[in-house]
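Before any comments, here is the structure.
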There are 4 protein chains.
Amino acid sequence: MMNRVVLVGRLTKDPDLRYTPNGVPVANFTLAVNRTFTNQQGEREADFINCVVWRRQAENVANYLKKGSLAGVDGRLQTRSYDDQDGKRVYVTEVVADNVQFLEPRSAASQDRGNFGESPFGEGQRNQGSSYGDQRNQGYTRTDEDPFSNDGQPIDISDDDLPF
Amino acid sequence: MMNRVVLVGRLTKDPDLRYTPNGVPVANFTLAVNRTFTNQQGEREADFINCVVWRRQAENVANYLKKGSLAGVDGRLQTRSYDDQDGKRVYVTEVVADNVQFLEPRSAASQDRGNFGESPFGEGQRNQGSSYGDQRNQGYTRTDEDPFSNDGQPIDISDDDLPF
Amino acid sequence: MMNRVVLVGRLTKDPDLRYTPNGVPVANFTLAVNRTFTNQQGEREADFINCVVWRRQAENVANYLKKGSLAGVDGRLQTRSYDDQDGKRVYVTEVVADNVQFLEPRSAASQDRGNFGESPFGEGQRNQGSSYGDQRNQGYTRTDEDPFSNDGQPIDISDDDLPF
Amino acid sequence: MMNRVVLVGRLTKDPDLRYTPNGVPVANFTLAVNRTFTNQQGEREADFINCVVWRRQAENVANYLKKGSLAGVDGRLQTRSYDDQDGKRVYVTEVVADNVQFLEPRSAASQDRGNFGESPFGEGQRNQGSSYGDQRNQGYTRTDEDPFSNDGQPIDISDDDLPF
DNA sequence: TTTT
DNA sequence: TTTT
């Protein structure tokens, strides 16, 4: 009915890019979102939100964001469940991103990364990155055979999970 | 940093009202949020989002919403984890509501419920509900001794979990 | 960069449906959104937010919502300006809706309205409305020649204003 | 009822700090929010959203943000109106910020600014700024007598406009 | 110019 | 009246 999420935070690890059997790119990453308030002990805690992004933005995310990058996500909350290795039902809540916004200058976000397709950065930042030629998707293994195999993620992700 | 969620959906069950050891009210409920799009099979699926609300709004929610009620939630995403009975870490993502909006006329939402405190409905709907006197919190057991004991919820919820 | 608005409120008037010269439908309406807090005098005020919706949802809005209807809007804030009749620049801020949610049962929202295209209501409410046959767009004049001519709205709205 | 806005953009000018007759700080600023899509001519346009923030955050904004700073705003849409110098009613839509997030390292955002109160930046960035001593509110004139006098802003802003 |  |  209505379902909207907006987050700004930092990636806890490099994003994880996979492909569905049909070759559709999906990237998973976790955003650490620092709370604006402190707890009883005066510490500023964080929430760790799992995010998914599909298609072209998945590849942009994989190519321009890494552990520590500051990013914004605009999307919707999605729930799903699967049975883990000992047959226990696990419930997952994650954010399916409609849009991922890169909030740091290119240099900060992707020093030593290859280049991929169109830059998601604005006019001002384009053309000032280093160019490694067009080794597209450099450093990422295509895992069509085995998408989402690690990290307790469901093994049976398929093209049916495409949001639209 | 930034963390905002807005949902509109229907309660999957009556809300669950508890109290912390210090007597602070907390209500838990799940919103079924129908997707605006259909899946490959043409079905309209739903996401089931766990929500928490504290203090006075917790009591309003418990008194005016029930299974099937249409409600809006404005809040933030929060993650936490606990170890289940067989020592397995369980990760929970839920929405901590800053504001819960009742989106149905009072009659539809709370036919046979007792009355509690100030009405969260607008001017136009106040004073037209039935009045059961002031049997506050009628039908809810105070569970100070054992908050959040059921449903696989962590047993050690305390006043430290208050959002502010 | 990031721009997200979510509103729930009531239409202050019947929506206003127009068509661009190319025949693209646009609906304008104002949502009265009651504040959740009261002012110094203890009154609950409202904000009046202008909204725009394009294409198929424009026609759904025109056919299913009317003055007083409860609706949710998920969209983005947009600014534009135009010069009024005495050459004064007027600045407009409005919400371009990606999605409009009807939050009342069909009967409440459109008693005496004709029917148009696919119902935007869920399964449960479909097929229970009166049926006027298929007099599409009944009661609305096509105004291709003169879109947005009244109400101090800019007269030069064109297909360029399409959000995507 | 429900009214939520989240924006990320850049300040078009230095923020404008004023005080109500009672001494409550208010800051006004405009965020340029670049659209994520391009128009028919292939240009990326922007929306210019007026924002207001009250109290302590008003002073933080004035001290840490300036023209060009990247910032996030989480708030609600508010409308008001006033009569301009030639008696014409002007309608204003603006965002009242509950929270303003500084999205750039301190150095980028406030090179040559004085210091004020508690730093709104996280642990990592604290203590690495230059220190000008405690010339609080340096460079800003207190304008209790005449808040909001310029820029076509209503002259009669008062403590009644406090959001809570 | 505003809704319940 | 607009930012990078």
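Naming convention: chains lettered A, B, ... in sequence-line order (proteins, then strands); numbering from 1 in each chain.
C/D86 places no side-chain N or O within donor-acceptor distance of the main-chain N or O of C/K88, the cut-off being under 3.5 Å.
Using a 4.0 Å heavy-atom distance criterion, D/G68 is classed as a sugar-phosphate-only contact.
E/dT3 atom C1' lies 17 Å from atom CZ of C/F102, rounded to whole Å. The distance between atom CG of C/N28 and atom P of E/dT3, rounded to the nearest whole Å, is 18 Å. For C/L7 and E/dT3, the CG to C1' distance is 14 Å, given to the nearest whole Å. F/dT3 atom P lies 5 Å from atom NZ of D/K67, rounded to whole Å. With rounding to whole Å, C/K66 atom NZ is found 17 Å from E/dT2 atom C1'. Here the P atom of nucleotide E/dT3 and the CZ atom of C/R10 are 12 Å apart, to the nearest Å. Residue D/L77 contributes atom CG, which lies 19 Å from atom P of E/dT3 at whole-angstrom precision. Between the CG atom of D/N34 and the P atom of F/dT4 there is a distance of 10 Å, rounded to whole Å.
For D/T12, taking side-chain heavy atoms from C-beta onward, the closest of the listed nucleotides E/dT2, F/dT3, E/dT3 is F/dT3. For D/N50, taking side-chain heavy atoms from C-beta onward, the closest of the listed nucleotides F/dT3, F/dT2, E/dT1 is F/dT2. Distances from the side chain of D/A46 to the nucleotides E/dT2, F/dT3, F/dT1 place F/dT3 closest.
C/N50 pairs in a side-chain hydrogen bond (donor to acceptor under 3.5 Å, both in side chains) with only one of the listed residues (C/T12, C/T30, C/N28), which is C/T30.
For D/N99, the side-chain contact (heavy atoms from CB on, under 4.5 Å) partners are A/T36, D/Q57, D/D74, D/Q101, not counting sequence neighbours. Remark: D/T93 engages C/T93, D/L77, D/T79 in a side-chain contact (heavy atoms from CB on, under 4.5 Å) (not counting sequence neighbours).
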